[in-house]
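When reading the values below, keep in mind they use all heavy atoms of this one structure, side chains included, and skip hydrogens, waters and symmetry mates. Naming: A, B, ... by sequence-line order, numbering from 1 per chain.
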Amino acid sequence: MSRFYVTTPIYYVNDVPHLGHAYTTITVDALRRYHLLRGDETRMLTGTDEHGLKIEREAQERGKTPIGLATEMSARFRELWPKLEIVPDDFIRTTEKRHEDLAQELWKTVAAKEDIYLDHYEGWYCVGCEELKTEKELLPGNICPLHQRPVERIKEESYFFRLSKYQQPLLDLYEKHPEFAQPESRRNEVVSFVRSGLRDLSVSRTSFKWGIPVPGDPKHVMYVWFDALANYWTAAQDTAAHKKFWNDGTVVHLVGKDILRFHAVYWPAFLMSAGLPLPKTVYAHGFLTINGQKMSKALRNAVDPLGIARAFGSVAGSGEAGADILRYQLLRAIAFGQDGDLDLAAMVERYNADLGKNLGNLLARTLGLCTKLTGGKRPAAAKVTDLESDLLNEAKRAASRARDEWDAIAPHRALEITWGLSSAANAYVDRAAPWAEAKKGDQARIGTILATLLEVLRILSVMIWPVLPKKSDEMRAQLGLSPLASQIGRDAWPSGAEFLPGGGTLAPGAPLFPTVDEDGARALLETLTPRIPAEGANADAAAPATASASASASATASTPTESPSSVTYDQFAAVDLRVGRVRSAERVPKKDKLLLLKVDVGEAEPRTIVAGLALSFRPEDLVGKRVIVVANLAPRDFGKGLISHGMLLATGPSEKLALATVAAEVEPGAKLK
RNA sequence: GCCGGAGUAGCUCAGAUGGUUAGAGCGGGCGUUUCAUACGCGCUAGGUCGGGGGUUCGAUUCCCUCCUCCGGCACCA
């Protein structure tokens with residue numbers, strides 16, 4: 001028994017919740033539930049990250065205040081979680097006063113250690129863009145590519161955190177506590193990153209306002225990571241009881257692999273500086289694909305977690321059941337820590353096999369036997385034979401091994417072991433053959449067999465609770481047991497057989513996991529198959545008009561749209577767009593994406609154009625193609641004498657580009673207007 | 001191109017600090033029971049453990065090299 005504090009990252013409010021968010025949060029919730037069962041004092045935190053230039057801009061574009069936009073988006077997350085059976089103990093927003101005050105306090109503490117200092121970083125500033133440009137973004141001669149005017153060399157004032165000072169302490173931490181950064185392969189990356197040298201970290205900005213003011217210097221706001229990372233600590237400072245979680249508890253952060261560095265390097269450095277205890281473990285999980293496809297905004301109907309859950313639930317008897325099923329699939333099918341794929345067809349198969357035929361049917365056949373052979377009452381156990389003790393030993397061993405896997409944050413293994421027990425129980429039914437005993441009229445033997453099965457089912461109902469809470473309740477109701485209730489200090493994880501006295505009433509009900517037949521599976525796959533919305537069409541309107549699509553509509557409405565600021569006609573007319581014909585194309589050595597093209601645009605000599613097309617086209621396929629060329633774009637130097645004199649218009653992701661062209665047979669050089 | 005990870009049965013993956021017949025689940029095939037959601041149980045997969053080379057008495061497991069795939073980074077005006 002101990003104190004367990006587990007967190008998700010706080011989610012940035014520029015996006016609606018998708019399957020990736022749900023995956024992390026479901027995992028954290030399952031861990032939370034597991035520790036509740038163990039009798040631990042348990043706390044789960046999630047929330048939203050709401051500051052930053054992106055939100056400030058987006059709010060402006062949409063005619064909202066930053067806080068208005070953030071509040072609206074934050075609510076999406078907060079409201080989604082309970083529908084997936086996720087019950088956070090706290091939900092923090094970085095715009096809340098409790099966070100802002102304490103983040104400033106943390107800043108002051110670190111500053112008092114002289115770990116924060118004021119300096120400048122230099123950069124190229126484009127007045128038109130109102131932002132700093134990196135050298136790489138600029139055209140030769142330090143020209144802003146967007147505004148075609150020279151950028152200015154400016155110094156922006158910034159506070160810096162003395163990260164370099166913590167290089168050795170961090171290396172010592174990884175050495176002494178290898179469990180701090182997990183999985184191991186990721187830890188190695190972190191270690192080599194730190195070993196390669198740490199530079200001080202810029203932790204404030206003056207270029208935007210939407211953030212937490214720096215104490216004592218309000219023209220600065222804290223830059224993203226100082227503000228965001230602090231949430232884990234600020235959320236646990238409101239009461240003495242909560243403070244104990246940080247000061248005297250096991251703190252575990254689950255994060256995506258993309259943000260491990262911030263959590264395993266910057267965050268412990270901040271905490272070391274502030275003299276605060278460090279988390280025990282930062283565990284990075286992998287990325288999810290759906291049906292083998294990367295998640296993207298274009299697929300957002302398909303990656304809406306509630307949509308998937310409800311659609312699945314509806315073919316499996318009730319929409320409400322879907323959350324449990326999705327939770328099971330995500331935690332069972334994906335090796336935690338590795339990248340994974342949510343394959344919908346495989347999800348149906350696994351549902352039928354594991355949940356329906358294995359566990360669901362075990363419950364149904366056991367209760368059916370009780371109805372027939374013991375009058376629907378819970379039988380008392382008499383003398384157990386080797387068959388029973390083998391199974392009960394197996395149950396004890398499975399519970400113990402699954403517990404170890406949960407402790408190691410390996411839910412996929414814990415579930416594998418749990419289902420191994422269910423399989424063993426099915427095999428036991430056949431060996432013990434209570435129906436054969438019934439013919440012999442051996443009531444005591446029947447009682448023992450059925451009591452053994454009921455006990456194993458009870459154990460299973462506990463072991464599945466972290467992942468399948470609703471189904472656990474349902475299962476227990478049929479077994480005549482009350483829903484699980486946790487109690488601090490009482491370890492409810494199964495440790496061995498505890499035969500209940502005979503006589504209690506059993507309540508067989510509807511199948512726990514009704515099998516999905518082929519028609520159901522087909523309907524489900526049709527509903528959920530990712531579909532790229534038609535060009536220019538509203539994505540929601542283009543989604544298939546099915547029950548689940550409409551169920552998910554509320555969670556996918558008004559996604560931010562990109563509305564480019566308008567240009568005047570004169571500005572537009574200044575762009576020289578021409579039809580060109582590709583004369584030749586070849587790959588550029590050592591540049592995976594680039595092709596070197598010679599394009600005839602009606603001039604004496606073909607233009608040399610370097611374009612990022614190599615992921616989508618083979619050079620030979622481009623030769624002869626009619627393309628649209630921006631002919632008066634400033635030349636761009638790619639190094640080694642490679643200079644591009646123009647740009648081709650195209651659309652799509654870089655690995656699936658479509659080139660713009662004209663429908664009619666037009667001669668090279670023709671101008672577009 | 002650089003840095004990671006991975007390439008094992010139809011599919012998803014596990015595993016061995018080098019050693020008699022390389023494992024699991026799902027799917028497939030055969031058999032079988034009848035309590036159950038036509039569900040369970042038993043048997044069954046003849047896989048060069050990505051290719052090549054090396055070390056060794058012996059490698060799929062160690063070393064080198066090559067290939068392929070997946071991430072990340074860079075290039076992508």
Inter- and intrachain pairs under side-chain hydrogen bond (donor to acceptor under 3.5 Å, both in side chains), touching residues 417-432 of chain A, at least two apart: A:Asn358-A:Ser422, A:Asn358-A:Ser423, A:Asn358-A:Asn426, A:Arg365-A:Asn426, A:Arg365-A:Asp430, A:Glu388-A:Tyr428

State which residues pass salt bridge (charged side-chain N to carboxylate O under 4.0 Å, His left out) with A:Lys470; sequence neighbours excluded, sorted by chain then number. A:Glu85

Output all residues satisfying ring-ring contact (aromatic ring centres under 6.0 Å, His included) with A:Phe262, sequence neighbours left out; order by chain, then residue number. A:Trp225, A:Tyr266

Under a 3.5 Å cut-off on both pairing distances, which runs of 3 or more consecutive Watson-Crick or G-U pairs involve RNA chain B? B:1-7 with B:67-73, B:10-13 with B:23-26, B:28-32 with B:40-44, B:50-54 with B:62-66

Nucleotides 14-17 of chain B: which of its N/O atoms have a protein N/O under 3.5 Å away?
unit_1: B:A14; atom_1: OP1; unit_2: A:Gln338; atom_2: NE2; d: 3.3

Does A:Arg413 have any salt bridge (charged side-chain N to carboxylate O under 4.0 Å, His left out) partners at least two apart in sequence or in another chain, and if so, which? none

Please enumerate all residues that pass side-chain contact (heavy atoms from CB on, under 4.5 Å) together with A:Thr515, with sequence neighbours excluded. A:Asn352

Specify the separation, in whole Å, of atom CG of A:Leu342 and atom P of B:U12. 15 Å

If I take atom CD1 in residue A:Ile449 and atom C1' in nucleotide B:C41, what distance separates them, rounded to the nearest angstrom? 15 Å

Going 5' to 3' through nucleotides 33-38 of chain B, assign each nucleotide B (protein heavy atom under 4.0 Å from a base atom), S (under 4.0 Å only from sugar-phosphate atoms) or - (no protein heavy atom that close). -SBBB-

Once salt bridge (Lys or Arg N to Asp or Glu O under 4.0 Å) is applied, what residue pairs with a partner in residues 318-331 of chain A remain, sequence neighbours excluded? A:Asp29-A:Arg327

Look at A:Arg401 together with A:Glu416 and state whether they make a salt bridge at an N to O cut-off of under 4.0 Å. no

How would you list, by chain and number, every residue that makes a side-chain contact (heavy atoms from CB on, under 4.5 Å) with A:Ala380, sequence neighbours excluded? none

What's A:Ser422 touching, base or sugar-phosphate or nothing? Going by heavy atoms closer than 4.0 Å. nothing

Between CZ of A:Phe287 and C1' of B:G5 the distance, given in whole Å, is 14 Å

Non-neighbouring partners of A:Thr374 that pass side-chain hydrogen bond (donor to acceptor under 3.5 Å, both in side chains), sequence neighbours left out: none

Taken in chain and number order and not counting sequence neighbours, the residues that satisfy side-chain hydrogen bond (donor to acceptor under 3.5 Å, both in side chains) with A:Asn393 are none

